[in-house]
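Note sheet for the following structure.
Computed from heavy atoms alone, side chains included, the values below leave out hydrogens, waters and symmetry copies. In what follows, chains carry the letters A, B, and so on, assigned in the order in which the sequence lines appear, proteins first and then strands, with residues in each chain numbered from 1.
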Amino acid sequence: MEMLSAKYNPAETEDKWYSYWLEHKFFHSEPDSREPYTIVIPPPNVTGILHMGHVLNNTLNDVLIRKARMDGKNACWVPGTDHASIATENKVVAKLKAMGISKEDLTREEFLAHAWQWKEEHGGIILKQLRKLGASCDWDRTRFTMEPDLSRAVINTFVYFYKKGWIYKGVRMVNWDPEALTAVSDDEVVHKDTQSHFYHLRYYVSDGAGNPTGKYLVIATTRPETIMADAAICVNPADERHRWLRGKKVLIPLINREIPVIEDDYVEMDFGTGCLKVTPAHDVHDYEIGLRHNLEVLDIIDERGRLNEKARILVGEDRFVARKKIVKMLEEAGNLEKVEEYTSPVGYSERTNAVIEPRLSAQWFLKMDTLAKVALETVESGRTRFIPEKYMNSYRHWMENARDWCISRQLWWGQRIPAYYLPDGRYVVESTPEAALEAARAICPGIKMEDLRQDEDVLDTWFSSWLWPISVFDPDMPGNPGHKPNADLAYYYPTNDLVTAPDIIFFWVARMIMAGNEFMGRQPFSNVYFTGIVRDKIGRKMSKTLGNSPDPLDLIKTYGADAVRIGMLLCSSAGNDIFYDETQVEQGRNFCNKIWNSYRLIKGWNTDASIAQPEASAMAVKWFANRLSLAVETVEDHYSKFRISDALMTTYRLFWDDFCSWYLEIVKPSFGEAMDVATYEATLGFFESLLKMIHPVMPFITEELWQNMAPRKDGETIMYAPSPVSNGYDASVIDAFAFASEAVNGIRNVRNQKNIPPKEKLSLVVKGWFPMSMEGIVKKMAGVGKVDFVSGDSKVSGATFLVRTTEITVPLTGLVNEEEEIAKLQKDLEYQFRFLEGVRKKLSNAAFTAHAPEAVVANERKKEADALSRIGIIQKQLDSLKNK
RNA sequence: GGGUGUGUAGCUCAGUCGGUUCAGAGCACCUGCCUUACAAGCAGGGGGUCGGCGGUUCGAAUCCGUCCACACCCACCA
């Protein structure tokens with residue numbers, strides 16, 4: 001074989017192996033007799049592009065799915081995209097605007113044609129990008145939430161709930177986005193403290209004939225532009241200050257419309273002036289007061305946030321412009337008493353950042369009570385587990401307070417609500433126009449198709465994505481009349497793990513649990529792993545506007561996909577935000593290089609059957625076999641608890657420290673010499689096990705080396721090589737090696753301090769316990785030629801150090817500075833005395849020996865004995881140095 | 001305003017049941033090395049009052065209280 005380059009080159013290998021995997025359909029899954037392991041991707045927006053959050057999420061997904069595959073499960077990762085109605089419609093509107101086309105000038109059909117074209121151009125880019133990351137999705141199963149199949153699932157679901165009586169239409173105060181021209185759900189409103197003003201306005205008491213008397217009351221409002229819609233002034237019935245107003249009428253400034261003064265407990269006496277203007281059409285709470293007092297609802301703001309003709313003044317002005325103007329008018333009219341600076345929470349649209357306008361409109365709602373109750377129970381019973389568990393609390397709070405879900409959106413991009421109106425205003429809900437016509441004829445014989453008008457609204461995007469774990473397998477959705485059993489659904493559902501960000505716990509996770517329970521009678525996934533939010537290294541969220549988000553594809557190009565995956569995983573403990581730092585990707589790249597070069601070393605070795613296995617090598621093989629088993633157990637434990645970064649770190653250190661720095665250095669033959677066959681084969685075996693352990697996190701380099709290290713047939717892959725298993729381990733071997741490595745460190749330390757070149761052989765005098773099996777290893781790793789084991793009374797001089805209670809001396813006549821040696825020993829002695837003092841204090845405490853468990857006390861006694869023994873040794877050394 | 005969570009080395013984090021020579025890891029840093037796999041490397045090293053205070057206990061990074069700082073979620077004081 002050709003010489004491998006000194007540096008790993010990811011670009012060359014990644015495309016090659018990804019194509020190989022695709023070619024052999026290694027990612028594809030079909031139901032069979034194996035245990036299934038299923039993940040559905042959190043579908044990214046169809047027109048989105050890959051950002052660091054996706055990298056994190058999909059790396060974790062890929063690690064889990066690859067691990068499961070190597071564990072022998074039938075692993076299926078279903079990819080796909082979300083039509084993201086508001087986000088996508090906004091993008092299309094913006095694009096059309098740039099082309100000089102306004103949405104209003106288009107018919108619904110024309111607009112949708114543009115939208116679909118946009119989708120064809122940009123849709124799925126993100127899925128292609130995921131391939132660069134190594135994501136092993138079953139691409140044959142790729143889904144899109146607005147494809148015909150999944151749309152059918154959505155419509156059927158709507159009809160299902162409507163017929164169940166859980167979907168209803170109602171006029172409600174909704175969160176209106178005047179830019180997107182649609183209602184949005186409560187969850188899509190972001191409250192931000194906003195600097196504004198508190199205007200104190202005089203309302204004069206009417207004389208009964210619509211003329212102002214000299215008396216007035218004062219209200220405080222942040223929205224003076226809505227006074228024309230006032231229906232009453234409200235005071236608290238217990239408020240003495242305003243008793244005189246009872247039964248009076250007052251006049252709205254500027255327009256002089258007469259409104260009553262009413263009383264309601266809602267009004268806080270100590271806030272503002274104690275007088276509240278009630279504007280039922282433009283405030284949720286005012287609307288409720290209006291209902292209680294039977295007040296007129298006067299809507300003076302249009303869908304774009306402009307005053308309409310009902311306002312009588314400032315008609316056509318934007319609400320914020322109108323606010324400025326009306327303040328001036330009020331001031332001139334003498335109605336403005338004062339203006340205060342004021343900060344209050346204001347709702348903004350998550351999508352457009354427009355200030356939300358509370359607005360009355362007819363919307364469709366889905367009842368949440370039963371769905372939420374069952375969904376809460378699913379998580380509380382542990383059928384779905386949250387990792388980390390802390391999200392349980394907010395989940396419970398939300399589920400216990402879930403309000404009915406406003407599922408209609410005044411958009412075109414999405415599934416159109418299957419409600420069909422008759423000319424008389426009645427409507428029917430059916431999954432197809434034909435069925436609707438039939439239903440309509442039942443209540444209105446002779447009606448024709450062209451008489452029916454379908455509802456203009458579409459459904460909230462989440463009303464399709466909540467079906468995702470079911471609909472990707474069976475778009476017909478169980479629960480509907482005539483539904484046939486579906487083999488895929490039966491096999492893959494419920495899915496195992498869901499990896500997602502915590503900010504969509506209510507939008508998506510909770511609702512999938514609801515749909516899963518409703519249609520399947522059980523949870524859609526067993527575990528939900530919440531990732532953190534990816535931030536830059538100084539803690540800011542990654543965003544386009546800040547420009548602090550690297551392009552993942554650039555990173556992959558520079559460092560390689562494996563390195564990017566490692567960089568992401570290194571800093572990702574579950575549930576904590578991720579502070580992304582490019583140095584972590586560098587660390588990943590360095591690790592790739594380390595793996596690469598260790599392989600170059602092994603590959604360069606020649607074997608010679610006539611060479612006997614050196615003792616040190618035999619011991620190293622024995623030790624590493626044990627060490628490997630221990631690590632496998634640790635890693636498995638980490639995976640079982642979703643501690644992915646810990647699993648990675650354990651593997652990383654096993655490879656770098658134990659395998660490269662210790663094992664390979666021990667078995668490495670001198671330059672130009674051959675190696676014995678037994679060691680060589682054991683080494684290859686270890687290396688393969690290590691590659692398999694690393695593969696889920698670094699798929700490309702491990703496939704490359706695995707393919708290279710032995711002849712492989714076409715169609716073979718490390719992807720399906722079984723995960724290494726533990727054969728159990730002998731703790732005494734691992735401990736003996738640990739002792740040996742401490743001894744080696746001590747000797748190297750002496751070498752460093754005395755400036756002894758590495759090639760110069762040292763001799764060693766050992767007093768005390770020493771694992772004889774490790775002698776060869778110590779000799780090789782520390783450059784030691786001769787070891788003398790002597791009794792405790794022997795006098796030795798040189799550089800001395802302790803390993804546990806064993807005294808090891810490097811005899812160095814000439815090189816040892818006795819002053820320094822004495823100072824060092826004295827310092828050590830002091831430490832030992834302090835330590836002993838602490839231990840004895842504990843032991844002399846009667847309460848301690850009485851209360852503490854036997855094992856703890858015994859351990860303290862051992863500590864005492866060890867300390868005494870070490871003190872004895874050090875003192876003897878000091879004596880011999882001083883008496884010279 | 002209410003709730004939840006976090007605070008351990010310069011940075012990112014682990015630390016399970018209160019007790020192992022427990023104060024750890026990785027990175028960064030310092031010193032010495034271009035030693036024939038790897039300078040993207042090797043060998044060695046320094047560094048923390050476990051956010052503050054108080055309590056429980058024989059014993060506290062760990063449990064309780066309180067305060068401080070930060071983060072997130074929820075929320076109608078017009």
- Task: Could you walk me through whether A:Tyr663 and A:Phe659 pass the ring pair (Phe, Tyr, Trp, His ring centres under 6.0 Å) test, one step at a time?
- Result: CA-CA 5 Å; A:Tyr663 177 83; A:Phe659 185 67; 5.6 Å; yes
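- B:C50 and B:A61: their C1' atoms are spaced 5 Å apart (whole Å).
- The residue among A:Thr583 and A:Ile578 whose nearest nucleotide of RNA chain B lies closer to the 5′ end is A:Ile578.
- Spacing of C1' atoms, B:A25 relative to B:G19, comes out at 22 Å, to the nearest Å.
- Side chain of A:Asn749 to backbone of A:Asn745: no donor-acceptor contact under 3.5 angstrom is found.
- Rounded to the nearest Å, the gap between the P atom of B:C42 and that of B:C34 is 16 Å.
- No contact: A:Arg804 has no heavy atom under 4.0 Å from any strand.
- The nucleotide whose nearest atom lies closest to any side-chain atom of A:Pro853 is, among B:C38, B:G19, B:U35, B:G19.
- Nucleotides of RNA chain B nearest to A:Ala6 and A:Lys641 differ in position, and the one nearer the 5' end is that of A:Lys641.
- Across all strands, A:Lys7 comes closer than 4.0 Å to base atoms (heavy-atom distances).
- The side chain of A:Asn745 lies closest to B:G44 when the candidates are B:G26, B:C13, B:G44.
- An OP1 or OP2 oxygen of B:U20 is reached within less than 4.0 angstrom by no side-chain nitrogen or oxygen of A:Lys863.
- Atoms CZ (A:Phe530) and P (B:G5) sit 15 Å apart, rounded to a whole Å.
- A donor-acceptor distance shorter than 3.5 angstrom exists from the side chain of A:Asn597 to the backbone of A:Asn593, with no hydrogens or angles considered.
- Within the 3.5 Å criterion, the main-chain N or O of A:Arg241 finds a donor-acceptor partner in the side chain of A:Asp239.
- Contact check, A:Trp656 against B:C42: a side-chain N or O comes under 4.0 Å of OP1 or OP2.
- B:C33 and B:A39 have their C1' atoms separated by 10 Å, with the value rounded to a whole Å.
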- Message: Show, in sequence, the C-alpha distance, side-chain angles and deciding distance for A:Ile289 and A:Leu276, and conclude whether the side chain to side chain contact (heavy atoms under 4.5 Å, CB included) test is met.
- Response: CA-CA 11 Å; A:Ile289 295 172; A:Leu276 169 72; 3.9 Å; yes
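- We find that NZ of A:Lys603 is positioned 21 Å from P of B:U36, with the value rounded to whole Å.
- Within 4.0 Å (heavy atoms only), A:Val284 reaches no atom of the nucleic acid at all.
- Only the P atoms considered, B:C63 is 11 Å distant from B:G7, to the nearest whole Å.
- The nucleotide whose nearest atom lies closest to any side-chain atom of A:Phe848 is, among B:C58, B:U4, B:G44, B:C58.
- Distances shorter than 4.0 Å separate some side-chain N or O of A:Lys594 from OP1 or OP2 on B:C42.
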Would you tabulate the pairs of protein nitrogen or oxygen atoms and nucleotide nitrogen or oxygen atoms of nucleotides 71-78 of chain B closer than 3.5 angstrom?
unit_1: B:C76; atom_1: O4'; unit_2: A:His285; atom_2: NE2; d: 2.6
unit_1: B:C76; atom_1: N1; unit_2: A:His285; atom_2: NE2; d: 2.9
unit_1: B:C76; atom_1: O2; unit_2: A:Tyr266; atom_2: OH; d: 3.0
unit_1: B:A78; atom_1: OP2; unit_2: A:Tyr342; atom_2: OH; d: 2.1
unit_1: B:A78; atom_1: N6; unit_2: A:Glu268; atom_2: O; d: 3.1
unit_1: B:A78; atom_1: N6; unit_2: A:Phe271; atom_2: O; d: 2.9
unit_1: B:A78; atom_1: N1; unit_2: A:Glu268; atom_2: N; d: 3.3

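- Only the P atoms considered, B:A75 is 27 Å distant from B:U66, to the nearest whole Å.
- Nucleotides B:C27 and B:G41 are separated by 9 Å at their P atoms, to the nearest Å.
- Backbone-only contact: A:Ser661 has heavy atoms under 4.0 Å from sugar-phosphate atoms and none from a base.
- The side-chain contact (heavy atoms from CB on, under 4.5 Å) check on A:Glu400 picks up A:Leu376, A:Arg396, with sequence neighbours excluded.
- Counting all heavy atoms, side chain and backbone alike, A:Trp605 lies closest to A:Lys668 at CZ2-CA, 3.9 Å.
- A donor-acceptor pair shorter than 3.5 Å can be found between the side chains of A:Tyr203 and A:Asp230.
- Between A:Glu357 and A:Arg223 a salt bridge is recorded (basic side-chain N to carboxylate O distance below 4.0 Å).
- Between A:Tyr652 and B:C27 there is a side-chain polar atom (N or O) within less than 4.0 angstrom of OP1 or OP2.
- Counting any heavy atom pair closer than 4.0 Å across all strands shown, A:Cys660 reaches a base atom.
- Aromatic pair A:Tyr199/A:Tyr342: centroids not less than 6.0 angstrom apart.
- Dashed line: the shortest gap from a side-chain N or O of A:Arg748 to OP1 or OP2 of B:C33 is not under 4.0 Å.
- For the C1' atoms, the distance linking B:G55 with B:A60 amounts to 11 Å, nearest Å.
- Against the 90° criterion about 0, the sugar-base torsion of B:C17 places it in the syn range.
- Taking 4.0 Å as the cut-off between side-chain N and carboxylate O, A:Glu742 and A:Arg804 count as a salt-bridged pair.
- One can find a donor-acceptor pair under 3.5 Å joining the base of B:A37 and the side-chain atoms of A:Glu665.
- Side-chain N/O atoms of A:Asn590 include none lying less than 4.0 angstrom from OP1 or OP2 on B:C38.
- Rounded to whole Å, the distance from CD on A:Glu586 to P on B:G26 is 18 Å.
- Every stem involving RNA chain B, taken as at least 3 paired positions in a row under the Watson-Crick or G-U wobble test at 3.5 Å, is listed here: B:1-7 with B:68-74, B:10-13 with B:24-27, B:29-33 with B:41-45, B:51-55 with B:63-67.
- For B:U21, the OP1/OP2 oxygens have a side-chain nitrogen or oxygen of A:Asn859 closer than 4.0 Å.
- You'll find that the side chain of A:Val856 is closest to B:G19, out of B:C38, B:G19, B:G26.
- Comparing B:A43, B:C38, B:C27 by their closest approach to the side chain of A:Asn752 singles out B:A43.
- When heavy atoms are screened at a 4.0 angstrom cut-off, A:Asp866 is found touching base atoms of the nucleic acid.
- Side-chain polar atoms of A:Tyr287 and A:Thr279 form no donor-acceptor pair below 3.5 angstrom.
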